[in-house]
Amino acid sequence: MEAVEEVLAQELHGLIAQAASPLLAGMIAGAGIPLVLLTENSIKHPLVTSPQGLYEVASIAARFIADRIERRGGCWLPAD
């Protein structure tokens, strides 16, 4: 698959992507490249992770913003 060859040619140590088909994700992870997908999906592989549900996505985003503004200003952080 051409997309996998392009990814492997970059000699990446990890990849963050909006989405990937189960086949593409499996091929990338099978090549030993950890993969973070930004959309909820059903891909199961030890080197692939993605949010499970919109609450988790919102929590990750809120924590990122709060850390960047050093927890000053108007940023709501949901409780764990």
Side-chain angles (χ1 to χ4, degrees):
M1 183 172 244
E2 188 175 321
V4 174
E5 291 173 9
E6 289 180 28
V7 169
L8 297 178
Q10 299 296 318
E11 298 181 9
L12 300 174
H13 298 284
L15 180 64
I16 300 171
Q18 177 67 25
S21 71
L23 176 62
L24 180 59
M27 293 175 81
I28 291 170
I33 300 172
L35 178 61
V36 177
L37 298 173
L38 302 177
T39 55
E40 187 175 3
N41 62 67
S42 61
I43 299 169
K44 303 292 182 213
H45 190 284
L47 292 178
V48 178
T49 190
S50 67
Q52 300 300 311
L54 293 178
Y55 180 85
E56 186 177 0
V57 172
S59 179
I60 291 167
R63 288 185 193 289
F64 177 82
I65 291 169
D67 288 345
R68 293 309 173 274
I69 65 172
E70 298 175 350
R71 299 187 183 266
R72 293 183 313 251
C75 184
W76 174 76
L77 275 175
D80 288 334

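In this text, all values refer to a predicted model and were calculated from it rather than measured experimentally. Residue numbers start at 1 and run along the sequence shown.
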Asker: Under 3.5 Å, sequence neighbours excluded: what are the donor-acceptor pairs made by side chains of residues 8-15?
Answerer:
none

Asker: What pairs with Glu40 under side chain to side chain donor-acceptor pair (under 3.5 Å), at least two apart in sequence or on another chain?
Answerer: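 Counting only residues at least two positions away or on another chain, Glu40 forms no side chain to side chain donor-acceptor pair (under 3.5 Å).
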Asker: Other than Val36, which residues form its hydrophobic cluster under the rule that side-chain heavy atoms must be closer than 4.5 Å?
Answerer: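 Hydrophobic cluster check, Val36: joined to Ile16, Leu38.
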Asker: With rounding to the nearest 0.5 angstrom, report the CG to CG distance, Leu24 to Leu37.
Answerer: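 Reported to 0.5 Å precision, the distance equals 9.0 Å.
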Asker: Could you go through residues 43-50 and list every donor-acceptor pair under 3.5 Å that involves a side-chain atom there, pairing it with any protein atom two or more places apart or in another chain?
Answerer:
unit_1: His45; atom_1: ND1; unit_2: Leu47; atom_2: N; d: 3.0
unit_1: Ser50; atom_1: OG; unit_2: Asn41; atom_2: ND2; d: 3.4
unit_1: Ser50; atom_1: OG; unit_2: Gln52; atom_2: NE2; d: 3.3

Asker: List the residues meeting side-chain contact (heavy atoms from CB on, under 4.5 Å) with Ala19, not counting sequence neighbours, and say none if there are none.
Answerer: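 Here the qualifying residues are Thr39.
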